2 protein chains.
Amino acid sequence: MPSQELVRSLTDEHVLRALMHHRRLTRAELAAEIGISKPTAGESVRRLADRGLVADTGERTTGGRGRGRVGSYYSLAPAVGVALATVIAPEGVVVECLDVYGDTVARAIRRINRPTHGSQAAAALTAAAAEALASAGQPARLAVVSAADPVDRATGRLVHLPDSPFLLGELDPVAVLAPQAGGPVIVDNDVNWAAHAERDAARDFAYLFLGEGLGCAVVSDGEVRRGHSGLTGEIAHVLTLGPGGRAVRFIEVFGELGLRRDGSTAIDVERLLGGDAATRAAIGQAVGGVVAAVVAFADPLEIVVGGSWGPALIDSIRAATARMPRRAAIRPARLTSEPVLAGVRAEALSRLRSAITAKD
Amino acid sequence: MPSQELVRSLTDEHVLRALMHHRRLTRAELAAEIGISKPTAGESVRRLADRGLVADTGERTTGGRGRGRVGSYYSLAPAVGVALATVIAPEGVVVECLDVYGDTVARAIRRINRPTHGSQAAAALTAAAAEALASAGQPARLAVVSAADPVDRATGRLVHLPDSPFLLGELDPVAVLAPQAGGPVIVDNDVNWAAHAERDAARDFAYLFLGEGLGCAVVSDGEVRRGHSGLTGEIAHVLTLGPGGRAVRFIEVFGELGLRRDGSTAIDVERLLGGDAATRAAIGQAVGGVVAAVVAFADPLEIVVGGSWGPALIDSIRAATARMPRRAAIRPARLTSEPVLAGVRAEALSRLRSAITAKD
DNA sequence: CCATTCTAGTCAGGGCCCTTGTCTAGAGAA
DNA sequence: TTCTCTAGACAAGGGCCCTGACTAGAATGG
């Protein structure tokens with residue numbers, strides 16, 4: 001019987017998924033919801049209870065909907081575990097424990113004093129994860145991590161690219177979190193997660209991040225595309241229209257305009273936002289060249305502009321792109337508060353649910 | 001029994017797939033190959049024969065492998081049909097009928113006298129398809145079409161972009177072929193299909209097409225990505241490094257070097273290939289800028305260079321990209337003879353097989 | 001030349017999973 | 001107290017597949 005028990009596992013999967021969305025159901029409600037018979041629903045619940053995935057909540061239907069025999073409510077057991085949603089930024093780290101319903105059941109924060117020194121971030125990460133897990137009281141099943149630096153797709157390590165700020169320093173989030181994650185550790189950079197959170201808008205779009213650093217995420221056919229080594233969207237070296245009509249690398253435009261912080265590769269956002277009309281036009285031109293490239297290579301329905309100064313200069317960008325032969329709608333990012341965390345949460349929830357239903 | 005017959009359809013699917021790869025098998029061989037019992041294999045064959053998908057070939061095992069009772073060979077019936085693999089180029093159209101084994105069972109060619117006049121191409125297409133289908137003697141199930149112009153993803157129609165040669169003219173391959181295709185008509189441009197054919201090399205790469213026209217295909221996570229409207233890879237307007245260090249649109253570089261054909265937007269390949277060292281270096285610089293952009297937005301493992309003059313200038317391109325902060329391996333295209341047709345054939349075969357196994 | 005050997009295909013019996021239909025338990029309504 | 005209504009359990013049955021035994025029929029080999 002090679003594929004006979006497949007149908008049984010399918011039934012169990014349906015039951016788990018129904019409980020994820022309705023939190024608690026009686027066996028009769030499960031049968032009606034899924035479209036299976038009551039005996040089948042009962043058997044499935046028994047199996048899942050034996051495996052520790054489902055438990056009788058102790059609640060009874062009495063007092064709810066009229067007469068009839070009382071029913072027992074079942075729900076997912078705490079043993080199904082939580083997912084760690086983690087954001088590592090230069091200011092500090094956030095670790096949240098998400099349960100299977102998407103609720104944040106615990107949260108811990110640690111500040112980092114010396115960024116660009118990986119061991120600081122690693123220590124903060126371990127401590128925050130320990131605190132959050134202790135507070136949640138449930139086992140972790142996996143971790144989804146955002147880091148404010150380019151991430152190597154194969155290893156999950158942060159990589160230092162020339163001319164790009166290296167905010168967090170040498171850090172291997174997979175190695176740091178593996179002991180606490182209880183499963184896979186998925187790492188990607190913050191821009192990609194922010195794009196992930198705006199994914200419902202379109203199946204093909206680009207997210208242009210314009211802040212202290214420069215980044216871009218490409219969403220194609222509904223998924224964030226990372227490329228071979230995970231460096232899709234590292235746009236510092238794209239050739240664009242610089243001052244005087246010269247072809248200049250994108251990041252160098254800001255140097256030539258005197259908008260890079262001294263002794264750093266980061267952009268001085270304050271000075272940039274206080275710039276005059278000519279400066280804003282020059283920046284708009286430069287961004288326009290990048291837009292032309294992303295239009296050519298990603299053909300997005302729209303271009304979402306985020307970051308600390310991108311939305312403020314959106315008119316200059318629109319003006320620069322208005323004359324281009326091919327255009328794409330340019331709009332500011334929709335999510336303004338914690339877009340990165342929103343994307344990380346969404347992925348953590350989706351993966352946690354898959355891990356539970358797919359398991360064995 | 002909501003999902004009970006799922007396992008039966010799975011069995012049938014396995015049988016069909018086994019027959020696609022082995023062409024003819026006895027029921028006992030099917031059972032051994034798939035890992036099911038002989039009675040189950042026999043039942044499945046009976047069902048599929050009733051549906052007309054499988055037929056006794058009349059061949060018997062006698063004379064082959066020693067003693068024992070003779071077995072009956074079964075194979076897929078001709079009624080499973082063929083896929084139309086179609087290439088539309090300015091010179092003419094090719095229509096091939098591919099059977100489920102990937103063999104070309106019929107082929108028809110029509111020349112086109114007046115390109116850029118869509119009705120000519122449409123007539124040639126209809127005639128070639130009719131000839132090929134008559135010769136094949138099997139019903140068509142779907143068509144996969146390559147066109148040497150940008151293709152609108154939503155409609156399958158050819159689109160005219162500014163500064164890009166419009167070789168075939170207004171043409172709606174879906175409408176033209178629908179009556180003969182017997183199913184869906186999938187249309188994409190030639191560069192994407194050529195990239196499709198090189199897909200086994202890597203899951204993330206870019207295919208740079210440098211010929212009379214300029215194009216690029218982006219393969220990400222193993223699939224050719226088309227973008228929202230299907231115009232991914234239309235690189236004529238990417239800003240790059242032009243003569244004198246100015247930021248120039250890619251296509252304009254060729255105009256400034258005097259390499260565009262008079263009265264047309266096409267590149268004069270002969271003159272280009274006869275150019276001096278300075279010209280080749282200038283072209284290499286310009287292509288290098290495009291490479292920088294594709295590296296930033298697609299992060300390919302390698303960049304495959306094809307087209308009529310691309311491979312010939314690969315050293316100039318490599319020299320221009322050698323100094324770039326981020327690099328990707330650049331290599332000439334592997335498939336040189338009919339890469340487009342190879343990609344179209346591969347997709348047609350894959351879709352034909354899916355259509356047969358998924359049906360009902 | 002005939003018994004042996006070996007394989008393709010069929011038949012019978014049984015297990016698994018689900019379904020329908022019936023029955024029991026037990027709470028609210030009359 | 002009796003009726004009504006629902007959650008859940010139990011029994012019977014059907015679909016699909018498997019194992020094991022059986023039949024048919026050709027080549028081998030003494």
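Each chain gets a letter, A, B and so on, in the order the sequences are listed, and its residues count up from 1. None of these values were measured; they are calculated from a predicted model.
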Can you tell me if the side-chain N/O atoms of [X] get under 4.0 Å from OP1 or OP2 in [N]?
{"X": "A:T26", "N": "D:dG8", "value": "yes"}
{"X": "A:R8", "N": "C:dC17", "value": "yes"}
{"X": "B:R27", "N": "C:dG9", "value": "yes"}
{"X": "A:R60", "N": "C:dG26", "value": "no"}
{"X": "A:S37", "N": "C:dT20", "value": "no"}
{"X": "B:S72", "N": "C:dA8", "value": "no"}

I want to verify a distance call: between [options], whose nearest atom is closest to the [X] side chain?
{"X": "B:T40", "options": "D:dC18, C:dC17, C:dA8", "value": "D:dC18"}
{"X": "A:T11", "options": "C:dC18, D:dC16, D:dA7", "value": "C:dC18"}
{"X": "A:I36", "options": "C:dA27, C:dT19, D:dA7", "value": "C:dT19"}
{"X": "A:P39", "options": "D:dC18, C:dT19, D:dC17", "value": "C:dT19"}
{"X": "A:V7", "options": "D:dT6, C:dC18, D:dC17", "value": "C:dC18"}

Donor-acceptor pairs under 3.5 angstrom involving side-chain atoms of residues 129-143 of chain A: please list them, not counting sequence neighbours.
from	atom 1	to	atom 2	distance (Å)
A:E131	OE1	A:R110	NH1	2.7
A:E131	OE1	A:R110	NH2	3.1
A:R141	NH1	A:V80	O	3.0

Distance in Å, B:R24 CZ paired with B:T57 OG1, rounded so as to fall on 0.5 Å steps: 6.5 Å

Without decimals, in angstroms, what is the distance between [X] [atom1] and [N] [atom2]?
{"X": "A:L30", "N": "C:dT19", "atom1": "CG", "atom2": "P", "value": "13 Å"}
{"X": "A:L25", "N": "D:dT6", "atom1": "CG", "atom2": "P", "value": "18 Å"}
{"X": "B:R69", "N": "C:dT7", "atom1": "CZ", "atom2": "P", "value": "14 Å"}
{"X": "A:E5", "N": "C:dC18", "atom1": "CD", "atom2": "C1'", "value": "15 Å"}
{"X": "A:K38", "N": "C:dT22", "atom1": "NZ", "atom2": "P", "value": "13 Å"}
{"X": "A:L6", "N": "D:dG15", "atom1": "CG", "atom2": "P", "value": "20 Å"}
{"X": "A:I34", "N": "C:dC17", "atom1": "CD1", "atom2": "C1'", "value": "15 Å"}
{"X": "A:R46", "N": "C:dC17", "atom1": "CZ", "atom2": "P", "value": "13 Å"}

Salt bridge B:D221-A:R153, side-chain N to carboxylate O under 4.0 Å: yes

Pi-cation contact, A:Y73 with A:R60 (under 6.0 Å, within 45°): no

side-chain contact (heavy atoms from CB on, under 4.5 Å) involving B:S350 - partner list, sequence neighbours excluded: none

